[in-house]
Amino acid sequence: MPDTPYSIGVDLGGTNLRAAAISRDGRMLDKISGSTDFHLGRDEVIGDMVRSVGRLRAIHGHKNLAGIGIGVPGFIDLDRGVIVGTHNLLGFDQYPIRDELSQRLETPVILENDANAAAQGEKWMGAGRDVEDLVLLTLGTGIGGGIISRGRILHGFVGMAGELGHMTVLPGGNICGCGNYGCLEKHASATAIEAMAKLVALGDNLTAKEVFDLAEQGNHNTRRVFEHMGRALGIALATLINIFNFPLYLLSGGVLPAWKYFAPPMRAEIEARSFTFRNTKTRVEPATLGNEAGLYGAAFLPFLLQQVSRS
Ligand SMILES: [Zn+2]
């Protein structure tokens, strides 16, 4: 397929580096996954990214490459192309990652927040294909958010819009790395589930997956964990629904298998708090692309740029 127009999407996570070549019509042509070792230093991670992109480009050709999109966790300053205040990506705070990669790859690079990219991916090829407006919440170690309005990522004036994990859902709740108390991600992420499991004496070092397994075995104490999580999500979603009146709100992440446990309290909370939800056909659903959403979304960004410059 050397003549297929394509772009390359990269997803840089705290432990994983993935890159994919995706065609203009949304076919995943190739995917590379590897681990990122931030302890080896920033230059090593940048080198890994350059090599991954280089491998895909060697296979699919320079001529048809529309561009490169990169999703990274954290607050993004779009104008400067930097990540601001990152704790997980050692050495990347304020580092000109976009320009450095662009220079080394001799191709324009588009930098984007990973959850924004995932939301764009769901809009392009996933659960949001039939709508123009949606919100995505990614439930992982933290909670990321992406807002798609009229088919595009809503950025705000710097690029930090959609940090939905930092909505306050419990005033005076758990302290968050962002400086606030009671952020959604402190009450509904996988990390929050693990912390709550300790509080209700399920066990000291259980992973969110193990808490889910206990629920499946009929352990009733897990109910309190998923009840709290579901209510926190419901409060956040009701607020989002009241603000946006979008038709679709998506949830993704490793905790989705627990949907049947947290969705009922979540829905009850949304019903109670959103007139808009009660009186419209607003949908709250699982996302469908899993951890590939970010790759699709990052790869879509160069195509979007082409469209804009053509019109
Ligand atoms: Zn926060």
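Values below: every heavy atom of this structure, side chains too, minus hydrogens, waters and symmetry copies. Read the numbers this way: they start at 1 and go in the same order the structure lists the ligands and their atoms. Residue numbers start at 1 and run along the sequence shown.
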Under 4.0 Å between a Lys/Arg side-chain N and an Asp/Glu carboxylate O for R283 and D130?
yes
Between R42 and E100, is the closest basic N to carboxylate O distance under 4.0 Å?
no
Counting only heavy atoms not in R55, do more than 12 sit closer than 6.0 Å to its CZ atom?
no
Establish, yes or no, whether the cationic atom of R24 lies under 6.0 Å from the six-membered ring centre of F303 and within 45° of the ring axis.
yes
Are R273 and E269 within salt-bridge range, i.e. N to O under 4.0 Å?
yes
For the pair R18 and D11, find out whether any cationic side-chain nitrogen is under 4.0 Å from an anionic carboxylate oxygen.
yes
Show all protein N/O/S atoms under 2.8 Å from the Zn ion (ligand 1), or state that there are none.
H166 ND1, C176 SG, C178 SG, C183 SG
